[in-house]
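What follows is a set of notes on a single structure, which appears directly below.
In this text, all values refer to a predicted model and were calculated from it rather than measured experimentally. Proteins get letters first, then strands, A, B, ... in listed order; numbering begins at 1 in each.
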2 protein chains.
Amino acid sequence: MKNPTANPVIGQGAENLLFLTDEQIRGGIEAFFFAYRAFTSDPDEILEGMDYGRAHHRAMHFIARKPGLTVSDLLDILGVTKQSLNRVLRTLLKDGLVESRVGQRDRRERQLFLSETGAALEKRLSEAQRARVRAAYRAAGPQAVAGFRQVLEAMMDEAGARRFREMRRQDAAE
Amino acid sequence: MKNPTANPVIGQGAENLLFLTDEQIRGGIEAFFFAYRAFTSDPDEILEGMDYGRAHHRAMHFIARKPGLTVSDLLDILGVTKQSLNRVLRTLLKDGLVESRVGQRDRRERQLFLSETGAALEKRLSEAQRARVRAAYRAAGPQAVAGFRQVLEAMMDEAGARRFREMRRQDAAE
DNA sequence: CTTGGAAAGTCAACAAGGCTGACTTAAAAT
DNA sequence: ATTTTAAGTCAGCCTTGTTGACTTTCCAAG
């Protein structure tokens with residue numbers, strides 16, 4: 001027997017009946033967990049053996065995404081301390097994958113860019129990850145993808161959602 | 001201008017036109033990243049200050065889910081080494097949150113159960129997490145939730161998907 | 001009944017990637 | 001001229017992952 005203390009939504013159509021049961025929610029939680037693991041595994045495997053890790057990938061992703069963003073922009077997006085980010089950024093700069101230029105509007109700032117080799121690595125990582133997402137999108141169909149995005153956006157916290165929308169908004173203007 | 005080298009799907013209806021562009025895929029990747037961060041933050045905050053972390057939460061989640069599962073079951077689900085899991089399990093056993101009993105069918109195995117206090121903590125953590133997912137589900141609607149689940153399942157790797165389906169399958173039989 | 005292998009547990013050592021706190025330098029703002 | 005901000009650095013700590021080596025207990029096949 002299913003858990004009798006669960007919390008079915010009353011008075012809805014049959015297709016909605018199980019929509020918000022604890023059972024259903026827990027299924028979503030576990031699916032999220034397994035999917036996220038697969039999602040991060042592809043770039044992780046490529047990085048395996050190189051002197052870089054997931055943190056380097058994330059930094060490069062957002063630098064590729066918004067070339068010229070400042071260190072504080074990146075700190076804000078990634079939500080880590082500057083000491084954590086700095087450790088990552090330092091090796092990327094030293095190895096010539098990322099370039100840092102004195103800020104245009106404010107010379108205290110440093111604007112970050114990928115070098116050619118940095119861009120090449122970022123592309124390789126990001127293409128591995130995109131391949132998985134693209135395959136999942138194809139398999140699930142446009143309707144499902146729309147739902148996927150809706151749920152993800154509703155799940156973000158305020159700060160994350162703000163950053164996400166901000167990033168998307170700027171894209172549209174380009 | 002949007003990236004002209006992107007990869008639009010040709011010859012589909014307008015609603016599908018942007019479905020598989022790199023732009024769209026990248027948006028999904030970033031949404032996934034931000035949403036997963038929020039998703040883990042609630043239990044993390046509760047654990048903050050206690051002597052436990054996310055790894056303890058994960059172990060307790062799956063023990064709560066399948067009481068009596070063996071250590072190797074758990075290793076398989078979590079996908080970590082037994083040394084990693086053991087460190088976590090050891091503290092949970094020592095603190096009396098988890099109980100381990102000699103296996104029924106095979107006395108080499110250890111079956112894992114939550115104690116009353118363990119179940120109480122697990123419930124607290126899991127309810128915090130469910131609250132966020134439930135709110136997102138409610139906001140997005142049943143249709144979106146179905147799509148969300150479809151995409152997640154399509155994104156899992158084979159091993160993960162097998163474990164996930166296995167877990168769900170057993171539920172249905174109960 | 002012995003022996004080989006599986007399940008669990010342990011020790012030691014290491015790496016990645018988070019964190020805090022304290023402090024410096026350069027440049028902007030007041 | 002002084003204060004504040006952006007960046008960077010050093011040192012030390014924690015969690016959670018990894019390998020490799022080894023033990024104990026127990027099942028199962030020869």
Side-chain angles (χ1 to χ4, degrees), chain A residues 33 36-37 40-41 43-63 68-95 98-113, chain B residues 33 36-37 40-41 43-63 68-95 98-113:
Chain A
F33 170 71
Y36 196 77
R37 275 253 292 236
T40 55
S41 67
D44 281 1
E45 269 164 39
I46 295 173
L47 262 345
E48 164 98 15
M50 299 197 212
D51 289 350
Y52 310 117
R54 200 178 295 182
H56 301 82
H57 174 207
R58 286 201 286 254
M60 285 193 291
H61 173 100
F62 288 105
I63 295 171
L69 92 178
T70 66
V71 172
S72 9
D73 290 342
L74 194 47
L75 281 173
D76 197 55
I77 291 168
L78 295 174
V80 299
T81 59
K82 84 179 155 172
Q83 294 92 327
S84 266
L85 175 57
N86 196 249
R87 175 168 39 201
V88 161
L89 228 37
R90 188 160 32 186
T91 73
L92 293 174
L93 286 163
K94 173 177 63 60
D95 298 351
V98 168
E99 286 163 18
S100 129
R101 300 180 206 152
V102 167
Q104 299 274 279
R105 61 168 183 223
D106 183 334
R107 297 170 40 83
R108 285 172 303 182
E109 296 180 337
R110 295 291 176 275
Q111 293 187 270
L112 302 170
F113 302 86
Chain B
F33 170 70
Y36 197 78
R37 273 252 296 250
T40 55
S41 67
D44 281 2
E45 270 166 35
I46 294 174
L47 261 346
E48 163 97 14
M50 299 198 212
D51 288 352
Y52 309 116
R54 201 177 294 184
H56 300 83
H57 175 207
R58 287 201 286 254
M60 286 194 290
H61 172 99
F62 288 106
I63 295 171
L69 91 178
T70 67
V71 173
S72 7
D73 290 341
L74 195 48
L75 280 173
D76 198 55
I77 291 168
L78 295 175
V80 298
T81 60
K82 81 178 156 172
Q83 293 91 326
S84 259
L85 175 58
N86 196 250
R87 177 167 35 201
V88 160
L89 229 36
R90 188 160 31 186
T91 73
L92 293 173
L93 286 163
K94 173 177 63 60
D95 297 351
V98 167
E99 285 163 19
S100 130
R101 300 178 206 153
V102 167
Q104 300 272 279
R105 60 171 185 222
D106 184 335
R107 297 170 41 83
R108 286 173 302 184
E109 296 180 336
R110 295 289 177 275
Q111 294 187 271
L112 303 170
F113 303 86

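Whole-Å rounding puts the B:Met60 CE to D:dT16 P distance at 11 Å. Computed from coordinates, the B:Leu92 CG to C:dA8 P distance equals 16 Å when rounded to whole Å. As rounded to whole Å, 12 Å separates atom P of D:dT9 from atom NZ of A:Lys94. Look at CD on B:Glu109: it is 10 Å from C1' on D:dC27, rounded to the nearest Å. Remark: P of C:dA16 and CG of A:Asp44 are 13 Å apart, rounded to the nearest angstrom. Per the geometry, CG belonging to B:Leu89 stands 17 Å off P belonging to D:dT15, to the nearest Å. Here C:dG18 presents its C1' atom at 14 Å from CG of A:Asn86, a figure rounded to the nearest Å. Atom CD of B:Gln111 is separated from atom C1' of D:dT25 by 16 Å (rounded to the nearest Å).
Ring geometry for A:Tyr36 against B:Tyr36 counts as parallel: the plane angle stays under 30°, on a 0 to 90° scale with 60° as the upper cut.
In terms of the salt bridge (charged side-chain N to carboxylate O under 4.0 Å, His left out) criterion, residue partners of A:Arg54 (sequence neighbours excluded) are, by chain and number, A:Asp44. Considering only residues two or more places apart in sequence or on other chains, A:Arg108 meets the salt bridge (charged side-chain N to carboxylate O under 4.0 Å, His left out) condition with A:Asp106. With sequence neighbours left out, B:Glu45 forms a salt bridge (charged side-chain N to carboxylate O under 4.0 Å, His left out) with no residue at all. B:Arg107 meets the salt bridge (charged side-chain N to carboxylate O under 4.0 Å, His left out) test with no other residue; sequence neighbours excluded.
Using a distance-only test at 3.5 Å, with no hydrogens or angles considered, no donor-acceptor pair links the side chain of A:Asn86 to the main chain of A:Gln83.
Across residues 46-57 of chain B, B:Gly53, B:Arg54, B:Ala55, B:His56 each have a non-hydrogen atom less than 4.0 Å from an atom of DNA chain D (numbered order).
The side chain of B:Thr70 places no N or O atom within less than 4.0 Å of a non-bridging phosphate oxygen (OP1 or OP2) of C:dA7. Between A:Arg101 and D:dA7 there is no side-chain N or O to OP1 or OP2 distance below 4.0 Å.
Annotation: side chain of A:Leu92 is in contact with side chain of A:His56 (closest heavy-atom distance under 4.5 Å). Between A:Leu89 and A:Ile63 the shortest side-chain heavy-atom distance falls below 4.5 Å. Looking at heavy atoms from C-beta onward, B:Gln111 lies out of side-chain contact with B:Leu69 at the 4.5 angstrom threshold.
Closest to the side chain of B:Arg90, from the set C:dA8, C:dC11, D:dG8, is C:dC11.
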Walk along nucleotides 19-30 of chain C from 5' to 3' and tag each nucleotide B, S or - by protein heavy-atom contact under 4.0 Å, base first, then sugar-phosphate. BBBB----BS--

